[in-house]
Amino acid sequence: MRWIVASAWPYINAVPHLGTLIQVLSSDVYARYRRKKGDSVVFVSGSDEHGTPIEIEAIRKGISPKELTDKMHSYVSDLFNRFGISYDNYTRTESPTHVKFVQEFYMRIYENGHIFEKETEQLYCPNDKMFLPDRFVIGTCPYCGYEKAHGDQCDKCGRLLNPTDLINPRCAICGAEPELRRTKHWFFDLPKFSDKLKEYIESNEQLPDNARSMSLSMIEDGLKPRSITRDNKWGIPAPFPGAEGKTIYVWMEAVLGYVSAVKEHFERLDKPEEFDEFWKGKDTKSIYFIGKDNIPFHTLIFPALLMASEGGYVLPYNVASTEFLLFEGEKFSKRERIGIWLDEALALLPADYWRFYMIYIRPETKDANFSWDDMVAKINDELNDTLGNLIHRVLSFIKSRYNGIVPNAQLDEESEEMLKEAKEIAGRIEDNLERVKLRDALKEFLEMARLGNRFFNSREPWRDIKENKPRADSTVVASFNLLKAMASYMHIFMPFSAEKLWRMMGLDGEPAPFSDAFNIVTEIQLREVEPLFHKVNKEELQERLEEIREKGEVLSARE
RNA sequence: AGCGGGGUGGGGCAGCCUGGUAGCCCGCCGGGCUCAUAACCCGGAGGUCGGUGGUUCAAAUCCACCCCCCGCUACCA
């Protein structure tokens, strides 16, 4: 089976925070799972770098947008690397392959007759010489009198607004008074695809409930044409006749990155023909990891675009959407510095600790909350004590009592029984992963560690070693092989630690694929053994974070 | 306002779709073990599932209404 695994493209006007990491991490765990199962996987994402906010950020910094995103893209790529995200291609929307693909793709839809043009009136800032997105117009709310209402909605009374409703409208960038100007835009005829989309969604059983119900209700309410173009300078030039000076709206181009990134991947491998095999193959499945705010783009607009292109592309098989992550009960906020940013996170703790806790609280059924107390408790009690200690007690026992060599022993019935139970747990881990219940999968994984601790405890090999050597041998071989199987499953959640464990266990290469996870090995010489994890302390972490911010040790702390 | 999600022992969550005397982790109390990072293992106390009404032999689980929390509403990305 071929799989395209993708995560939403982060918008890189700033360093991403932990909320963004949820999707990136989830997709990585899933991609690693597919590979461990032996599937053929292409795992892609990239930096979303066009659009107004980045243009403005660049102006603020006195550099060009390209300079800004060059820097941010390499910074963010590096962060994802350090988090162990196993992308086959983490690219960017400035990639020539992407730009060319987007232009050709939209020309094709245009020629297929799914795009029309329309004149609209929009506010324009004569000072910044640009049309202003609704969000970038500020003024007094005509309903409640709030003076800092945005052009799309008043944050005070919650009413939806048009920018022209605002009393005393001002440009959010420079404060000048905007003027109304006529402009022409190109629209994608989304309503035309309503029936097909409805059928597609209804027949797509594995879509999560939140994605399905939200999408169907939007179709029910009636879809609207979506504008494709913007009057921005920073973006991909719209290819339509008469659209000179316009660019493609970031969202309408970034989703196509899922396609272009795969194309680019195979071009780099010098196997361009495999792109078609993947994206147009009958046995290809694609899965997208996104937050719930992105659902309509992935269940409606993206599939409709693929349909409209008549290019034979596979429609999304699954859109694994999560709810939101809150930080100590509040929304992440750059301005108020509520949250933790990815570069700060890595300066605080090793990547695997974050991977563990973020998957542990993955917001699968409802909004989840990051809390220091909870994180510290989970890392100390479960990651360190339950898992870390099992590994260490088994390996150090072999070190001290067996000269670091796993004996060659016949497994007795009880040992066989334990491994059989472990296999059943492994089966449940895989079931959960198959259904994209990553959190449950991780919790089942911890069950393996509990099983190991129980086994080691009741078998008391420290006693047998003096009185009943063969029984102790069996305990040790079974425990060692449990760890070996665990390393395979651990590898998808915590790759760095799993690889380190594998090396300590004296094994070569990397943790085995699932099919070989329970192949029994003996007579292995361990390498140097040391604890895989350590406990953390909330106060120390918070103090360290303060320090990182005060000293501006990482980029996000300096922004 | 409309739409969507949620309200389960002290804390964090699962179960609800496919109704049948409530499950997991932490914490708490008691016990065991000493190989291990004061780690591990066993047992126990503690909830009637936001409220009201209804369907049913039976409801956390289905239906109706109500209360509270959160998010979204498509030219922010």
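Note that the structure is a prediction, hence the values are computed from the model and not measured. Naming: A, B, ... by sequence-line order, numbering from 1 per chain.
- Within 4.0 Å (heavy atoms only), A:N369 reaches no atom of the nucleic acid at all.
- Side-chain contact of A:T299 with A:Y200: a donor-acceptor pair under 3.5 Å is absent, judged by distance alone.
- In this structure the side chain of A:R401 never reaches within 4.5 angstrom of the side chain of A:P461, judged on heavy atoms.
- Contact of the A:R355 side chain with the A:L21 side chain is not registered, since no non-hydrogen atoms from C-beta on lie closer than 4.5 Å.
- The side chain of A:L223 lies closest to B:A74, out of B:A77, B:C35, B:A74.
- Within 4.0 Å of A:F131, counting heavy atoms only, lies no atom of the nucleic acid at all.
- If you find the closest nucleotide of RNA chain B to A:W251 and to A:G222, the one lying nearer the 5' end belongs to A:G222.
- Here the separation of B:A64 from B:G71, taken at their P atoms, is 26 Å to the nearest Å.
- Between B:G43 and B:C24, the distance separating the two P atoms is 11 Å to the nearest Å.
- A residue-by-residue look at A:E447 and A:P531 shows that A:E447 has its nearest nucleotide of RNA chain B further toward the 5' end.
- Which of B:U34, B:G12, B:C75 sits closest to the side chain of A:R226 comes down to B:C75.
- Closest to the side chain of A:K437, from the set B:G15, B:C35, B:A77, is B:G15.
- Across B:C75, B:C35, B:C25, the shortest atom-to-atom separation from the side chain of A:E382 is found for B:C25.
- Within a 6.0 Å radius of NZ in A:K224, other residues, nucleotides and ligands contribute 12 heavy atoms or fewer.
- Within 6.0 Å of NZ on A:K538 lie more than 12 heavy atoms contributed by other residues, nucleotides or ligands.
- Not one side-chain nitrogen or oxygen of A:R459 sits closer than 4.0 Å to the OP1 or OP2 atom of B:C35.
- Paired runs in RNA chain B that reach 3 or more consecutive Watson-Crick or G-U pairs, where each pair keeps both distances under 3.5 Å, cover B:1-7 with B:67-73, B:10-13 with B:23-26, B:28-32 with B:40-44, B:50-54 with B:62-66.
- Atom NZ of A:K198 has 12 or fewer heavy atoms from other residues, nucleotides or ligands within 6.0 Å.
- In terms of heavy atoms, A:L223 sits closest to A:M218 at CD2-O, 3.8 Å.
- The side chain of A:M218 lies closest to B:A74 when the candidates are B:G71, B:A77, B:A74.
- Lacking a ring centre under 5.5 Å from that of the base six-membered ring together with a plane angle below 30°, A:F397 does not count as stacked on B:C35.
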Distances under 3.5 Å between nitrogen or oxygen atoms of protein and nucleotides 39-44 of chain B:
residue, atom, partner, partner atom, Å
B:A39, OP1, A:K535, NZ, 3.0
B:A39, O5', A:K535, NZ, 3.4
B:A39, O2', A:N389, OD1, 3.2
B:A39, O2', A:N389, ND2, 2.6
B:C40, O2', A:R393, NH1, 2.9
B:C40, O2', A:N457, OD1, 2.7
B:C40, O2, A:N457, ND2, 3.3
B:C41, O4', A:N457, ND2, 2.9

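- Around the CD atom of A:E528, the shell of radius 6.0 Å holds no more than 12 heavy atoms that belong to other residues, nucleotides or ligands.
- For the OP1/OP2 pair of B:G12 and a distance below 4.0 Å, the side-chain nitrogens and oxygens of A:Y360 include no atom meeting the criterion.
- Within 4.0 Å of A:F297, counting heavy atoms only, lies no atom of the nucleic acid at all.
- As rounded to the nearest Å, B:G47 and B:G5 have P atoms that lie 31 Å from one another.
- Around atom NZ of A:K61, more than 12 heavy atoms belonging to other residues, nucleotides or ligands sit under 6.0 Å away.
- Annotation: cation-pi pair A:K118/A:F187 present, NZ/CZ under 6.0 Å from the ring centroid and within 45° of its normal.
- Across B:C65 and B:C29, the matching P atoms stand 47 Å from one another, rounded to whole Å.
- Spacing of C1' atoms, B:A59 relative to B:C42, comes out at 35 Å, to the nearest Å.
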